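For reference, the structure is listed below as structure tokens.
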Number of protein chains: 2
Amino acid sequence: MATIRDVADLAGVSVATVSRSLQQPERVSPKTRSRVISAIEQTGYQPNQMAVKFRSGKTHSLVVLVPTVANLFFARVISGMQEAAAQRGYTLLLGNTLGNPQIEAEYARMVQTAQADGVIQLRAFNPFVTDPSSGSGLLPMVNACEVLETSLCPTVTLDNRQAAATMTRHLLEHGHQRIALIKGPQASPLTQERLAGYQDALKQANIEFDPALLFDGDFTLHAGYEAARQILAHPQRPSAVFCENDETAIGAMQAIKEAGLKIPEDISIAGFDDISFAAFCDPPLTTIAQPAEEFGQTAVNLLVDVLTGKISKAPKVIMPFELIIRHSTGPAPGAAHLNQAM
Amino acid sequence: MATIRDVADLAGVSVATVSRSLQQPERVSPKTRSRVISAIEQTGYQPNQMAVKFRSGKTHSLVVLVPTVANLFFARVISGMQEAAAQRGYTLLLGNTLGNPQIEAEYARMVQTAQADGVIQLRAFNPFVTDPSSGSGLLPMVNACEVLETSLCPTVTLDNRQAAATMTRHLLEHGHQRIALIKGPQASPLTQERLAGYQDALKQANIEFDPALLFDGDFTLHAGYEAARQILAHPQRPSAVFCENDETAIGAMQAIKEAGLKIPEDISIAGFDDISFAAFCDPPLTTIAQPAEEFGQTAVNLLVDVLTGKISKAPKVIMPFELIIRHSTGPAPGAAHLNQAM
DNA sequence: TATAAATATGTAACCGTTTGCATTAATGCT
DNA sequence: AGCATTAATGCAAACGGTTACATATTTATA
């Protein structure tokens, strides 16, 4: 590869002039600049980015900590991030952490080793806000999608509690009294927030919360399937199942249909996320839509803003959600009159 | 951040000794080494990776050109890549190219600008094998999943033609005579190879190929849905539909069920890829399973091998596929006897 | 036209490592 | 003990840019 020195020699100027022709064109005379430009073209010179990054101390890279890329919701978020990052001249380093704090820590260390300028975390567990080895104590980081209330860094999220309550209310309005909830991973704040919203709506409707209607999941198809089988075996079968994400709901639908029950006539199913498959199941899934791409865009914009000193506070941005009513939810069996009343 | 100089000063040695203590421990005496180690611990020293990469000329990063991360098959491939890359000390830079050659070129340029050591391409269109600006002419690159027969670089793929023929044969064996094919994107070699396999099987069964049974798609749910609607409107409705990927198949199933037809009683559906949702549709989808994670692993191992000079040739590795028979395919209407005969 | 101000360019230090070569210390051999 | 050999360490250059500062050149001002 041609270096800046080759260009300088060919153009008959110093390396400083070549550098300036690129960085601050107004500081070099038009004629020499054009000589430099043509020398650049002739040599095919392209600045060695490692040298640039090393010298400037800025990598223009961001580490993204994602539990798994094999999740359609995260995939959309990442797409949004890529777009925004490209626009602002940043590169994304994807860290598939599998939710493993050790792997997370390893990736986050890339900031300390000058391989990245900042970190975006798509899950809430954040041991990196305080860096034990440095006095400063803060790592440039933003939290997206899943956030702890106590998070000290900028966050972009959605009111999961409100959203879950909205969906639960939708089911209650259809006369469902016993609504099962298939939760996400135990450790996730999402799981807790959505559970809280579910409880809020129940309380508001004066329906007693029954812990026996709570089922464990982990946001996968398989977990949804298994949980639904347990639900079907319940002595007093619920008339509706609210799943904390769409994969879970689609897995649950499978188990329910296998058992010979009809959705939503026998049992209603609701999801969360509105992944592409939600509109293409049988029946199409009622769910909560999240602006996934915008999550990603907002997250990188926020991070780049803190990196460039444009913002100093730690804003919390709340994205909107939308209840998408399709055909997997309907009136509770024997409660058609209630539906009419709506 | 502490630098190597700080460590050297604290340990009372030269920077060279510190560097050697880490790079070639056997070249420094045990006592000084331990002094260095403790100095490293005291200072919390971590080598500045930008300096290392700059100095060594090796970035230990690989660019992955992926049309879209929002595709479950690619997501699995990427997971496999991450795993192998981490194992071999490499970092992945993900380039969401949207299939845009210009964006691809931009990402591929990262090798020339020393931001990455090599490129992995998940689609076949490869304008980068020849680098016009350098005499050498070759960019360290491997092709995965989708490959051109003429590809000059190492490739890892699957015999798509064979696989498609296998699936088509499966349908033929169930007595289907008119089998529609919903294709992938026009430009993709995958599309053509799978089409060729479909034709091979037809020919072998002495069934005349009917171009009217070919439908355009683009590997999305929506395209599958639309194509299926066209298929249903066909004057002589086919009794089976072979979709070039699972998303297409799932989209098609939706349209077919909406039309009030039963799968597989009225019409059989087959997919390709075996994404997680394939087992969770209604009915579960018959498809071709590909070892996606292994694709990714093999691709990065191949690339790292060429980068480290372990291989000089350009091997073509063919991964195995498997026909997964679920319940979306069955005997053609009025051909139960044929099924018996199997 | 002399002088100040502004503009253009060059010189060289610097970023944090790695590594070839020189130097010094330790060990082995006769 | 004296010399050759090997091991341990230090010195300083190099990687390819950027940029503060110095210098040279042009333009403006009186």
Side-chain angles (χ1 to χ4, degrees), chain A residues 1-37 39-40 43-61 89 109-117 133-134, chain B residues 1-37 39-40 43-61 89 109-117 133-134:
Chain A
M1 278 308 314
T3 73
I4 197 171
R5 167 126 273 129
D6 300 326
V7 177
D9 291 349
L10 182 58
V13 299
S14 72
V15 292
T17 302
V18 176
S19 178
R20 274 191 288 257
S21 300
L22 296 170
Q23 310 305 319
Q24 324 160 51
E26 72 284 358
R27 291 188 46 71
V28 43
S29 79
K31 33 194 158 135
T32 51
R33 192 189 331 161
S34 72
R35 256 214 331 284
V36 169
I37 299 291
I40 286 175
T43 55
Y45 168 69
Q46 295 185 275
N48 178 319
Q49 291 301 317
M50 279 309 157
V52 172
K53 289 170 187 212
F54 167 49
R55 180 71 229 279
S56 68
K58 296 286 161 223
T59 64
H60 283 251
S61 299
R109 208 149 46 84
M110 296 178 85
V111 174
Q112 286 147 42
T113 60
Q115 294 183 84
D117 297 339
S133 68
S134 100
Chain B
M1 278 309 310
T3 73
I4 198 171
R5 166 126 273 129
D6 300 325
V7 177
D9 291 349
L10 182 59
V13 298
S14 72
V15 294
T17 301
V18 176
S19 178
R20 276 190 287 256
S21 300
L22 296 169
Q23 310 305 320
Q24 323 163 54
E26 72 285 357
R27 294 187 44 71
V28 45
S29 79
K31 32 195 158 126
T32 51
R33 192 188 332 159
S34 72
R35 254 208 342 279
V36 168
I37 300 291
I40 286 175
T43 55
Y45 168 69
Q46 294 187 275
N48 179 319
Q49 291 301 319
M50 279 309 156
V52 172
K53 290 168 186 213
F54 167 50
R55 180 69 227 280
S56 68
K58 296 288 162 221
T59 64
H60 282 250
S61 299
R109 208 149 45 86
M110 294 178 86
V111 174
Q112 287 148 39
T113 59
Q115 293 183 84
D117 297 340
S133 68
S134 99

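Residue numbers begin at 1 in each chain, while the letters A, B, ... track the order of the sequences. As the structure is a prediction and not an experimental result, all values here were calculated from the model.
The shortest distance between side-chain heavy atoms of B:Val28 and B:Val36 does not fall below 4.5 Å. The shortest distance between side-chain heavy atoms of B:Leu22 and B:Ile40 falls below 4.5 Å. At a threshold of 4.5 Å between non-hydrogen side-chain atoms, the residues B:Lys53 and A:Gln115 count as touching. Using a 4.5 Å cut-off on side-chain heavy atoms (C-beta onward), B:Pro25 and B:Arg27 make no contact. Contact of the B:Val13 side chain with the B:Arg35 side chain is registered, since non-hydrogen atoms from C-beta on lie closer than 4.5 Å.
Contacts of B:Asp117 classified as side chain to side chain donor-acceptor pair (under 3.5 Å), with partners at least two apart in sequence or in another chain: B:Thr59. Qualifying side chain to side chain donor-acceptor pair (under 3.5 Å) partners for A:Thr32, counting only residues two or more places apart in sequence or in other chains: A:Ser29.
For DNA chain D, the outermost nucleotides in 5' to 3' order that have an atom under 4.0 Å from a heavy atom of chain A are D:dG16 to D:dA20.
Note on the helix from C:dT1-D:dA30 to C:dT30-D:dA1: terminal axis deviation equals 40°, with five pairs used at each end and the result rounded to 10°.
Across every non-hydrogen atom of B:Tyr45 and B:Val7, the tightest pair is CB-CG2, 3.4 Å. Pairing each heavy atom of B:Val15 with each of B:Ala8, the nearest pair is N-CB, 3.7 Å.
Between the C1' atom of C:dT17 and the CD atom of B:Gln49 lies a distance of 10 Å, rounded to the nearest Å. The nearest whole Å value for the distance from the NZ atom in B:Lys53 to the P atom in C:dT18 is 13 Å. Taking atom NZ of residue A:Lys58 and atom P of nucleotide C:dG16, one finds them 13 Å apart after rounding to whole Å. Summarising the geometry, the separation between CD on B:Gln46 and P on C:dG16 is reported as 15 Å, rounded to the nearest angstrom.
Evaluation of the side-chain hydrogen bond (donor to acceptor under 3.5 Å, both in side chains) test over residues 3-12 of chain A, restricted to residues two or more places apart or in two chains, returns none.
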Restricting to nitrogen or oxygen on both sides, can you table the protein-nucleotides 7-11 of chain C pairs closer than 3.5 Å?
| from | atom 1 | to | atom 2 | distance (Å) |
| --- | --- | --- | --- | --- |
| C:dT9 | OP1 | A:Ser29 | OG | 3.1 |
| C:dT9 | OP1 | A:Thr32 | OG1 | 3.1 |
| C:dT9 | OP2 | A:Ser29 | N | 2.9 |
| C:dT9 | OP2 | A:Ser29 | OG | 3.4 |
| C:dT9 | OP2 | A:Thr32 | OG1 | 2.8 |
| C:dG10 | OP2 | A:Ser14 | N | 2.8 |
| C:dG10 | OP2 | A:Ser14 | OG | 3.1 |
| C:dG10 | OP2 | A:Thr17 | OG1 | 2.7 |
| C:dG10 | N7 | A:Arg20 | NH2 | 2.8 |
| C:dG10 | O6 | A:Arg20 | NH1 | 3.1 |

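Stacking between B:Phe54 and C:dT17 is absent: the aromatic ring centre is not both under 5.5 angstrom from the base six-membered ring centre and within 30 degrees in plane angle.
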